Amino acid sequence: MTITHEHPACILALDTCTESCSAALQYQSQIYAELADAPREHSQRLLPMVDSVLKKAGISVDKVTAIAYGRGPGSFTGIRICTSMTQGLALGLDIPVIGISTLAAMAQMAIREYQAEQVLCTIDARMGEVYWGQFVAIDGIATLVGKEMVSAPTEVQLQLDTETPIVGCGTGFDAYPELLSLGAGILVLDAVKYPDARAMLILAEIGIKGGLATTVDALEPVYLRDTVTWKKLPGRE
């Protein structure tokens, strides 16, 4: 497979890393999407969603030229479902893949739909911890400040400008209300609680142009916790 940095003709985006499950397709400058809050049903719901967006676009799956997948952080099981289904589809189609951060996807949705300029994204990591990342809008694109982290809520350290509004997204704020004390200007956006595959499309397009797409063999989920490892399908090195 040859990985090109050109504008891909058709991107399929998939995410099952949190309680939400979503699929989106970008084809001929149009976006087709499916979204469901369906905990524990991701493995049953995702492929029908893919079929639905393809049908809405009026194309077959062999028109897809790249797959963007939710790489985490999030639910271990959800990340594995997303990466496994991406692996299976991409192998069959012989097309490149690109991993998109679930935190970045939430930030991008807040920036695109709600004109956020600074975003603190959090996902409840259980065991008294939270996955978190800080983003600023640069030319309308979510840009990471520092690193994505997993820590106790009390260890979250803001690098954003606390003198100007900060939008909060994700389940971490529900699980750990003390996160609101990080800055008086944090406004939690309940409408963006989970990542959405629609927001992944622009991040994937930029990443592909920037040379970040890989072959499926280099697919790499991100758990943030070092105790979890990813195992590829049998026979893949």
Side-chain angles (χ1 to χ4, degrees), residues 13-24 31 33-43 45-46 49 68-82 99-137 140-145 148-153 156 158 160 165-183 185-204 221-225:
L14 311 173
D15 182 70
T16 62
C17 296
T18 64
E19 290 89 334
S20 180
C21 177
S22 59
I31 292 176
E34 292 281 351
L35 174 70
D37 185 1
R40 296 177 295 280
E41 295 180 12
H42 294 347
S43 58
R45 299 289 290 270
L46 187 58
M49 284 183 167
Y69 64 95
R71 62 169 177 76
S75 154
F76 297 157
T77 300
I79 294 172
R80 285 170 173 150
I81 290 170
C82 193
I100 303 297
S101 159
T102 48
L103 297 169
M106 286 193 291
Q108 185 61 36
M109 185 61 74
I111 290 166
R112 189 185 78 176
E113 299 291 336
Y114 300 94
Q115 293 72 55
E117 294 293 333
Q118 299 188 111
V119 190
L120 173 62
C121 293
T122 67
I123 296 174
D124 181 8
R126 315 296 182 185
M127 297 186 289
E129 292 186 321
V130 63
Y131 301 117
W132 56 279
Q134 303 170 84
F135 300 84
V136 294
I141 300 301
T143 304
L144 181 65
V145 176
E148 294 183 351
M149 305 284 288
V150 58
S151 72
V156 175
L158 279 183
L160 302 175
I166 298 172
V167 170
C169 298
T171 57
F173 290 97
D174 289 338
Y176 307 106
E178 59 267 36
L179 288 168
L180 290 171
S181 65
L182 289 168
I186 296 179
L187 173 65
V188 176
L189 191 59
D190 288 332
V192 183
K193 190 164 289 187
Y194 304 111
D196 187 324
R198 290 179 298 160
M200 294 167 59
L201 292 168
I202 183 61
L203 299 176
V222 173
Y223 297 104
L224 292 185
R225 284 194 174 117

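Numbers here are sequence positions counted from 1. A quick note: this is a predicted structure, and the numbers were derived from the prediction, not measured.
For Gln118, the side-chain hydrogen bond (donor to acceptor under 3.5 Å, both in side chains) test picks out Thr164, with sequence neighbours left out. Under the side-chain contact (heavy atoms from CB on, under 4.5 Å) criterion, Glu129 pairs with Ala125, Val150, Arg225, not counting sequence neighbours. Partners of Ser101 under the side-chain hydrogen bond (donor to acceptor under 3.5 Å, both in side chains) rule, at least two apart in sequence or in another chain, are Glu148. With sequence neighbours left out, Thr143 forms a side-chain hydrogen bond (donor to acceptor under 3.5 Å, both in side chains) with no residue at all. Not counting sequence neighbours, the partners of Ile141 by the side-chain contact (heavy atoms from CB on, under 4.5 Å) test are Gln108, Ile202, Leu203, Ile206. Applying the side-chain contact (heavy atoms from CB on, under 4.5 Å) criterion to Ala175, with sequence neighbours excluded, gives Asp124. Arg112 is linked by a salt bridge (charged side-chain N to carboxylate O under 4.0 Å, His left out) to nothing, counting only residues two or more places apart in sequence or in another chain. With sequence neighbours excluded, the residues satisfying side-chain hydrogen bond (donor to acceptor under 3.5 Å, both in side chains) with Glu41 are Arg45. Shown here are the side-chain contact (heavy atoms from CB on, under 4.5 Å) partners of Val222, two or more places apart in sequence or in another chain: Arg71, Leu224.
Screening residues 169-179 for salt bridge (Lys or Arg N to Asp or Glu O under 4.0 Å), with sequence neighbours left out, gives Asp174-Lys193.
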- Task: Walk me through it: do Tyr114 and Val167 pass the test side-chain contact (heavy atoms from CB on, under 4.5 Å)?
- Result: CA-CA 9 Å; Tyr114 300 94; Val167 170; over 6 Å; no
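Using a 4.5 Å cut-off on side-chain heavy atoms (C-beta onward), Leu35 and Tyr194 make no contact. A 4.5 Å side-chain heavy-atom check between Val119 and Met106 finds every atom pair outside the cut-off. Residues Val156 and Ser151 form a side-chain contact, since some pair of their non-hydrogen atoms from C-beta on lies under 4.5 Å apart.
A pairwise comparison of heavy atoms in Glu19 and His42 identifies O-CE1, 3.1 Å as the closest pair. Of all heavy-atom pairs between Ala204 and Ala68, the closest is CB-CB, 3.6 Å. Closest approach of Ile79 and Pro221 over heavy atoms only: CG2-CB, 3.5 Å.
No donor-acceptor pair under 3.5 Å is formed between the side chain of Thr16 and the backbone N or O of Cys21. In this structure, the side chain of Thr102 engages the main chain of Pro73 through a donor-acceptor pair within 3.5 Å. Looking only at distances, no side-chain donor or acceptor of Thr18 sits under 3.5 Å from a matching main-chain atom of Gly74.
From Leu103, atom CG reaches atom CE of Met149 across 12.0 Å, with rounding to the nearest 0.5 Å.
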